[in-house]
Amino acid sequence: MSEDDDIERLAGVLEDATARTILTKASQEPMSATTLSEHCGVSEPTIYRRLEDLRECNLLIERTQLDPEGGHHRTMYTTNLERITVELQDGELDLQVERREDPADRFTRLIEGM
């Protein structure tokens, strides 16, 4: 995929108000699809489509959380986006996406570096 395709894909996802609301809400604390659906005022199928779009752009992390009371689990979503910058340089658009490092990835990198 070219950088132009990346810009198009990212811009397409971010132009959607539901996707932007998911990013802002999930940046505050991990949330389930049901909770995100309530915050966004849209159906769960719509939320799941937007979650998939955001995961494909690597803007969202999906984690499984165990429910100690019920013995079940649920999927929680959190944002790993820190900043998106688009600059015009030498007649070309330059896209920079800064992501927060996942603590598990940081730990793995630390162990592998020993």
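Just so we're clear, the structure is a prediction, and the values are computed from it rather than from any experiment. Values below: all heavy atoms of this structure, side chains included; hydrogens, waters and symmetry mates excluded. In what follows, residues are counted from 1 in the order of the sequence shown.
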Would you sort out whether Arg50 and Asp16 count as a side-chain contact (heavy atoms from CB on, under 4.5 Å), showing the intermediate values?
CA-CA 9 Å; Arg50 297 309 176 273; Asp16 182 79; 3.0 Å; yes
Smallest separation among heavy atoms of Ile47 and Ala33, with atom names:
CG2-O, 3.8 Å
With Arg55 via salt bridge (charged side-chain N to carboxylate O under 4.0 Å, His left out) - residues at least two apart
Glu52, Glu62
Using the test side chain to side chain contact (heavy atoms under 4.5 Å, CB included), find all partners of Thr64 that sit at least two apart in sequence or belong to another chain.
His73
Closest approach of Ser37 to Ser43 (non-hydrogen atoms, all atoms of both residues)
OG-C, 3.7 Å
Quick one: are Lys25 and His39 in side-chain contact, heavy atoms under 4.5 Å?
yes
For Arg83 and Val97, indicate whether the former's side chain and the latter's backbone hold a donor-acceptor pair under 3.5 Å.
no
Test side chain to side chain contact (heavy atoms under 4.5 Å, CB included) applied to Thr79 - qualifying residues, sequence neighbours left out:
Leu23, Ala26, Ser27, Leu60, Leu81, Arg100
Nearest 0.5 Å please: distance from the CG atom of Leu95 over to the CD1 atom of Ile7.
5.0 Å
Show the nearest heavy-atom pair for residues Asn80 and Asn58, with the distance to one decimal.
OD1-O, 3.2 Å
Given 3.5 Å as the limit, does a donor-acceptor pair link the side chain of Arg20 with the main chain of Glu15, or not?
yes
Scanning both residues in full, the closest heavy-atom pair of Ala19 with Leu54 reads O-CD1, 3.9 Å
Quick one: list whatever passes side chain to side chain contact (heavy atoms under 4.5 Å, CB included) with Arg49, sequence neighbours left out.
Pro45, Thr46
Taking only residues two or more places apart in sequence or in another chain, which ones pass side chain to side chain donor-acceptor pair (under 3.5 Å) with Thr75?
none
With sequence neighbours excluded, what pairs up with Gln89 under the side chain to side chain contact (heavy atoms under 4.5 Å, CB included) test?
Glu87, Asp94
Full working for side-chain contact (heavy atoms from CB on, under 4.5 Å) between Thr21 and Val42
CA-CA 11 Å; Thr21 301; Val42 298; over 6 Å; no
Say you draw a straight line from OG1 of Thr35 to CE of Met76; how long is it, rounded to the nearest 0.5 Å?
6.5 Å
Would Glu56 and Arg9 count as a side-chain contact (heavy atoms from CB on, under 4.5 Å) if you check the C-alpha gap in whole Å, the side-chain angles of each, and the deciding distance to 0.1 Å?
CA-CA 9 Å; Glu56 286 177 0; Arg9 174 79 175 133; 2.4 Å; yes
Just do the side-chain contact (heavy atoms from CB on, under 4.5 Å) check on Ile22 and Tyr77 with the steps written out, would you?
CA-CA 9 Å; Ile22 290 169; Tyr77 300 91; 5.9 Å; no
